[in-house]
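Labels below follow one simple rule: chain letters A, B, ... track the order of the sequence lines, proteins then strands, and each chain is numbered from 1.
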Amino acid sequence: MRYDPQAIEPRWQAHWEQHKTFKTPGPGDPGFDPGKPKFYVLDMFPYPSGVGLHVGHPLGYIATDIFARYKRMRGFNVLHPMGFDAFGLPAEQFAVEHGVHPAITTQRNIDNMIRQLKRIGLGYDWDRCIATTDPRYYKWTQWIFLQLYNAWFDPAQGKARPIAELEQALASGQYEIGPDGELVPVDPAGGIEPIVGGPIGTRKWQELTPDQQRALLDEYRLAYIDEVPVNWCPGLGTVLANEEVTAEGRSERGNFPVYKRPLRQWMLRITAYAQRLLEDLDLVDWPEPIKLMQRNWIGPSQGAQVQFPLAYGTATSDQEVITVFTTRPDTLFGATYMVLAPEHPLVEAITTPEQYHEVNQYRQQAQSRSDVDRQAQAKAKTGVFTGAYAINPVNNAKIPIWIADYVLMGYGTGAIMAVPAHDERDFEFAKQFGLPIKAVVMPPDSWLRHQSEQLPEEPGGTMACELETIERIRQRYLEAPGSFPEAYTGEGQGVNSANEEVSLNGLPTPQAKQEITAWLQRKGLGRGTVQYKLRDWLFSRQRYWGEPFPLLHCPGGQIVPVGEDELPVELPPMEDFRPAASDDPDAPPQPPLGRAPDAWKYVERDGQKCTRELNTMPQWAGSCWYYLRFCDPRNDERFVGQEAERYWMTSRKKDGQAHAGGVDLYVGGVEHAVLHLLYARFWHKVLYDLGHVSTPEPFGRLFNQGYIQAHAYTDARGVYVPADQVQQRDGKFYYQDQEVFEQFGKMGKSLKNAVAPDDVIAQYGADSLRLYLMYLGPLDQSKVWNTRDIVGVHRFLQRPHVHFIQAEAVG
RNA sequence: GCGGCCGUGGCGGAAUUGGCAGACGCGCCAGGUUGAGGGCCUGGUGGGGCUAAACACCCCGUGGAGGUUCGACUCCUCUCGGCCGCACCA
């Protein structure tokens, strides 16, 4: 009998639908069998786009579907859900373009994609379907935000704790407060390490005014407001994430200019978790390249913080030191000048009147330049002398302080000690501005020889070079390292590095680092630290189509969280939800919610008229915890029921040991290797610390499906031509003697609609699509899916305009 | 620039303690089969040499060059090419 997909597939799909064939019982549900082991297979849920699914979606979804079915047949109770990540700018933009409210277009898109997914015949439990835009869902996104807001990170315990516990500890005198708001434990035996240099003038909690107390607590919350440089796009009326800004410094959408500008924004203190996010990668079964990408993103560097006192005469009223971070404390004796980032807060205070004008001009120029510009001009070092001097603490040398934009405010302390002999950037800068270069590490002979060969010949003649002994080269290096073509940045033996108390001379670099760090620590001048590249997470957007913050701004600048019983804070219905666009880079951001009805915007609290927070959360928010909601998607009492969470999110490995992560298999594209996966891990760890979830990690095993790459050709009009009739000559491509152009890209970019799953299904049936995608390549070496037994799929490759050449698994 | 992944037939891809390279499949070729529309069955299929043809036999072959080894797709060094991530991170 012939297989007629048009007749057979809809019939069965209707049967599955009616009988809820794929319904998965959880704890407490009828039909739940507690004796069955559980298995949680999760897809990265899609964004409900107006064009529907592209072939990249079924590629991954079919793979997990097969795996879920396999596990089911092996006797597991398999959770295999699907939902929609539906907030975000594209939906808003789509809505603006079509003049329809995003809630309507989003729902329409979701319905369409559900139709397509059902048509493929995927075995999802549709009763568990969720959308991040559903108030019943984002009620709990807001609730989790409040958990973050009401928590602080206790470095002594290395975990988040309720902010009330900090308040209690302060009130009971466990901590006093340092000049910069740092917590100084009263009992030095336990708790937080005091700041470098020891406490100066600490205050007690009771000595603070209520406003100061509140401000202090706010500084420790995991969600806090800060003034940070952001990508401000007045043309779109919103701040943008770095990913939404093109290499040319314009917005990806609309191509408007983007400016770096400090704005008061909500931030999440992900940096507090840097170490744990790094260490716990060892607990999960993920592809090594992905772990590596996360490690690089977090970017730990071993080094030391060192304090440089300002030289006599330039000291300011309250600041006497500049703190720097360095990975090479062993080169401290070679620090011949310092550089501050142009935005560094100390610049204002230390700049001498003579230099003021020049410094100011440079700062303004640096501010107007975008990051991209700064990078584009990276080759040429620029900078200005402040007129001020600092003292190198190891040898009391008076060294000049400069500002330059090659020092970034966002990394370390925003200030560096410059060791031109042993750092490429400092070397270049010193040469450009004629600053002294002092060698304090002796490079190996091979390096010296190689470098001296590249030197211009001395007037003495060529023979001198050949006869030059290694001793002579060494001598020359000590006298004038600046005459060598490059800085020596490797390891070597310390030279020229001694004072009355400590000597690094003759020590190899690793020992020298230890020695000098210990000395600095003894003298209270510094200490060893680990510096991370990871920055705190910019969490607010000036958009309409996102989760509103559950916060009120009350008179006197006080921020009051909305009560849990008042959640969700629903988005107000609005006619005009467009962002406020402007041509003026200095125009203040005007979140669309600013135009919301007064009845929504203003809230009475304790007899005061308070204003709701008008920003919304970024698109990442909803996807940070959706895997938890799938365990118990209709619960209106908790973000996830405790029993359901424990059942689905606690995994056992084969050896019976508890697994670090609850989702047993998570499949999706590499494009989420860093941000989504890092953000979700961060939220999960906070929830873990606060006792709301049972595992330290959300995703035990991760698999990246890789990209489908499509190879197609178009003629000059952009019309596709048959790929198999294209000929290549002299690096160009021809079809019927007309030159054609190669279109090569990932699905999801230019070719994402070249093959719509709908078309394939309409023509050949869902069954074919599954075979077809499997034909493209196995996702894994697993025996569950392989290409061996698939027959007859080649027909699909004969589709006239596109020819897929590969789909490969990453890792 | 730094870091990572990867180069095997016309194609997708097999081949791990280093042991018959190209499993399995697609495509192609030959033959068979009343077989209606996503056909089915059998055989062949890396390149070259020898041969009228076949059997058999020989040589070469995993991007390139070298090395280790009785033996290398596999290990080492260098090199070329592709893909990905980061990028003035002190």
Nearest-angstrom distance, [atom1] atom, [N] to [M]:
N	M	atom1	value
B:G27	B:G13	C1'	14 Å
B:C11	B:C28	C1'	11 Å
B:C26	B:A65	C1'	35 Å
B:U74	B:G3	P	24 Å
B:G25	B:G46	P	15 Å
B:C73	B:U68	P	16 Å
B:A36	B:C41	P	14 Å
B:C29	B:C50	C1'	23 Å

(Q) Whether A:Glu279 and A:Arg295 form a salt bridge (side-chain N of Lys/Arg under 4.0 Å from carboxylate O of Asp/Glu) is what I want to check. (A)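 No, this pair does not count.
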
Proximity to the side chain of [X] - top-ranked nucleotide from [options]:
X	options	answer
A:Thr327	B:A90, B:C86, B:C88	B:A90
A:Met293	B:G85, B:A90, B:C88	B:G85
A:Asp423	B:C88, B:A90, B:G4	B:A90
A:Asn296	B:G3, B:C88, B:A90	B:G3
A:Tyr406	B:G4, B:C88, B:A90	B:C88

Q) With ring centroids as reference points, do A:Phe429 and A:Tyr337 lie under 6.0 angstrom apart? A)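 Centroid distance A:Phe429-A:Tyr337: below 6.0 Å, so yes.
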
Q: Taking the six-membered ring for Trp and the single ring otherwise, decide whether the centroids of A:Phe703 and A:Tyr666 are under 6.0 Å apart.
A: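 No, the ring of A:Phe703 stays outside the 6.0 Å limit from the ring of A:Tyr666, centre to centre.
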
Write down the distance between [atom1] ([X]) and [atom2] ([N]), rounded to a whole number of angstrom.
X	N	atom1	atom2	value
A:Lys381	B:C88	NZ	P	10 Å
A:Ile290	B:C86	CD1	C1'	14 Å
A:Gln294	B:G85	CD	P	15 Å
A:Lys291	B:G3	NZ	P	21 Å
A:Glu424	B:C2	CD	P	9 Å

For [N], which nucleotide is its Watson-Crick or G-U wobble mate, given both distances must be under 3.5 Å?
N	answer
B:A52	none
B:G3	B:C84
B:C28	B:G44

Q: Starting at CG of A:Leu678, measure out to CD1 of A:Ile298 and round the result to the nearest 0.5 Å.
A: 5.0 Å

Q) Do the numbers put A:Arg527 on top of the ring of A:Trp519, so that NZ or CZ is under 6.0 Å from the six-membered ring centre and no more than 45° off the axis? A) no

(Q) Does A:Leu292 reach a base, just sugar-phosphate, or nothing at all? Heavy atoms under 4.0 Å. (A) sugar-phosphate

Q: Name the nucleic acid region contacted by A:Arg535, choosing base, sugar-phosphate or nothing; use a 4.0 angstrom heavy-atom cut-off, strictly under.
A: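 Base contact.
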
Q: Report yes or no: is there a donor-acceptor pair, N or O only, under 3.5 Å between the side chain of A:Lys533 and the base of B:C86?
A: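 Answer no: no donor N or O sits under 3.5 Å from an acceptor.
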
